[in-house]
Amino acid sequence: MISKKMIIGIFLILEYPNLTNTFNIGVGTLNLSDKAKINVNEALNNNRLSYGPFLKKFENLFSEMHHSKFCVASNSGTSSLQVALQALKIYHDWNDGDEVIVPATTFIATSNIVIHNNMTPVFAEVEPNYYELDPNLLEAKITPKTRAIIVVHLFGQPCDMDPIIAIADKYNLKIIEDSCETMLANYKNKIVGTLGDIGCFSTYIAHLATTGVGGLATTNNPDYAVLMRSLVNHGRDSIYISIDDDNGLTGDKLKEVIERRFSFIYPGHSFRITELEGAIGLAQLEELPQAIYKRRQNAQYLTSQLSNLSNQLQLPAIRPETEHSFMMYPIVLLNEPKTNLVNYLENNGIETRDMLPLINQPVYKKLFNINQADYPVSSWIIKNGFYIGCHQDLTQDNLDYIIANIQSYFNNQINNS
Ligand SMILES: Cc1ncc(COP(=O)(O)O)c(C=O)c1O
């Protein structure tokens, strides 16, 4: 007996004869360039793994690309977020239990770091079209205990920063940008990373620039930068963070470093990263503009070829005067839960991920008294939203295969109705 899946297979082969070996389409990619391999070998030949020349160059180039004065590398985006909030809390003398507003749709690390800083996350609803913090609903979440807002530039797109900054200024709140999913994207001609007080980025696997594990925190405030670097290094006196910091010193200067170099000022962490990640990261950053250009093209192609399904699918919208780096390609079904389409795509070798459900996570249900009905947009995204990849290593055949599968899913629905 001929199954439905076989018929679809025959349809795809007839329609797309070039589609061979395209049945394993991931949400992310890793393609280490010759430059990355040369850099790693150079780091190994330098016999230096602790913070050194590669990490310094990596931080400097990242700062330059994101127009920030300072950049501090750590071992993850989560660690960068952790020390960003901790630095603000120490510097501004905030109390345990003070509140930090976070979006109700984001990756769980955004709000976990609030808990790990002994502060309280307050969840605010997101926009139905861009899935990011809704400025219109923000003010209602502010209380006398609110100290900061963590905006999340989700999926590669900056938040609507102007009204958020206006609210933060009105209530004297600090802003952390969780830009772990976004690099090199402008909001009204200003780049992510310095739109708020501190920007945090991730170079984890399948992110826009990848080092395996890694995070970067950007800021224009020298005091925050010094604090964050110390916190990444066990809270150490910043007179001596790297083994180069006593190079060339003699006499009284050296004596002072010797006296202070094993002195710890803050309750810090072991969040350090090695030269190997710095070596890979430097090469990845050099390739990043081209990769993002290709991602934007891929996303544009997917959107144009799926636009006939605008009654069934909400495809990614690009905010006016804003650039999208397309770390992923989010889709929300308008008329049905995602389950059937997601399973259909996965069965045909197209990888998907949930669109960052947060407020329904078992751990948060236990910790917080969240009424999901208070978050209709996030609840809708949880039920109907997922994402697929649109990365730079997808071929034309890959893109056409994704499109053909989504089209055939809805064609089947029409044929079966
Ligand atoms: C929005 C967001 N915040 C934070 C993180 C945490 O980054 P990392 O995995 O490098 O700790 C991620 C990672 O996927 C993320 O997507």
Side-chain angles (χ1 to χ4, degrees), residues 26-30 58 62 71-86 100-117 121 123-124 126 130-133 148-159 175-183 185 192-193 195-196 198-218 228 231-232 269-274 277-278 280-281 284 295 324-330 351-359 361 363-364 378 381-382 385-391:
V27 291
T29 185
L30 177 65
F58 180 44
F62 196 82
C71 178
V72 178
S74 75
N75 61 0
S76 73
T78 308
S79 300
S80 293
L81 285 163
Q82 173 74 26
V83 297
L85 185 60
Q86 194 176 348
V100 178
I101 297 177
V102 297
T105 292
T106 179
F107 183 62
I108 197 160
T110 315
S111 42
N112 276 347
I113 66 98
V114 178
I115 302 169
H116 294 313
N117 271 295
F123 302 99
V126 297
Y130 307 112
Y131 320 121
E132 297 177 320
L133 215 46
I149 305 168
I150 305 184
V151 299
V152 183
H153 304 316
L154 217 57
F155 308 128
Q157 172 152 249
C159 293
I175 297 179
I176 295 175
E177 295 171 76
D178 178 343
S179 202
C180 286
E181 299 188 358
T182 301
M183 288 177 183
V192 290
L195 297 168
I198 301 176
C200 297
F201 299 81
S202 168
T203 55
Y204 185 61
I205 296 150
H207 282 233
L208 291 165
T210 300
T211 59
V213 292
L216 296 143
T218 51
M228 290 193 289
L231 290 169
V232 163
H269 312 269
S270 179
F271 284 168
R272 291 162 298 194
I273 188 171
T274 76
E277 284 89 19
I280 297 171
Q284 288 265 314
R295 283 170 179 271
H324 203 313
S325 303
F326 282 104
M327 180 173 139
M328 53 277 263
Y329 189 87
E351 197 180 26
T352 66
R353 289 280 187 281
D354 284 349
M355 224 166 107
L356 303 182
L358 181 73
I359 50 175
Q361 292 296 347
V363 56
Y364 281 10
S378 292
I381 294 170
I382 287 168
F386 69 99
Y387 67 82
I388 56 173
C390 59
H391 58 77

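In each ligand, atom 1 is the first atom listed, and ligand 1 is the first ligand listed. All values below come from the heavy atoms of this structure, side chains included, with hydrogens, waters and symmetry mates left out.
- In this structure, atom 12 (C) of ligand 1 lies nearest to the protein heavy atom Phe107 CD2, 3.4 Å.
- Using cut-offs of 30° and 60° on the angle between ring planes, the pair Tyr131 and Phe155 is perpendicular.
- The atoms of ligand 1 that sit less than 4.0 Å from any heavy atom of Val152 are 1 (C).
- Nearest heavy-atom pair across Asn75 and Ser270 is ND2-O, 3.8 Å.
- Nearest protein heavy-atom contact of atom 10 (O) of ligand 1 is Ser202 OG, 2.6 Å.
- Screening Leu81, Ile176, Ile150, Ile101 for a side-chain contact (heavy atoms from CB on, under 4.5 Å) involving Val114 leaves a single residue, Ile150.
- Taking CG of Leu208 as the start and OG of Ser325 as the end, the distance is 5.5 Å to the nearest 0.5 Å.
- In this pair, His324 and Phe326 present their aromatic rings parallel. The plane angle is below 30°, not in the 30 to 60° band.
- In Leu356, neither the side chain nor the backbone holds a heavy atom less than 4.0 Å from any atom of ligand 1.
- Under a 4.0 Å criterion applied to the non-hydrogen atoms of Cys180, ligand 1 contributes the atoms 2 (C), 3 (N), 4 (C), 5 (C), 12 (C), 15 (C).
- The CD1 atom of Ile280 sits 9.5 Å away from the CZ atom of Phe58 when rounded to the nearest 0.5 Å.
- No side-chain donor-acceptor contact under 3.5 Å links Ser79 and Gln82.
- At a heavy-atom cutoff of 4.0 Å, ligand 1 is contacted by both the backbone and the side chain of Thr78.
- Nearest to atom 3 (N) of ligand 1 among the protein's heavy atoms is Asp178 OD2, 2.8 Å.
- Near Ser76, meaning under 4.0 Å from any of its heavy atoms, are these atoms of ligand 1: 10 (O), 11 (O).
- Residue contact check for ligand 1: His153 places no non-hydrogen atom closer than 4.0 Å to it.
- Among all non-hydrogen protein atoms, the one lying nearest atom 16 (O) of ligand 1 is Glu181 OE2, 2.6 Å.
- Taking every heavy atom of His207 and a limit of under 4.0 angstrom, the matching atoms of ligand 1 come to 13 (C), 14 (O).
- The side-chain heavy atoms of Leu195 and Ile175, taken from C-beta on, include no pair separated by under 4.5 Å.
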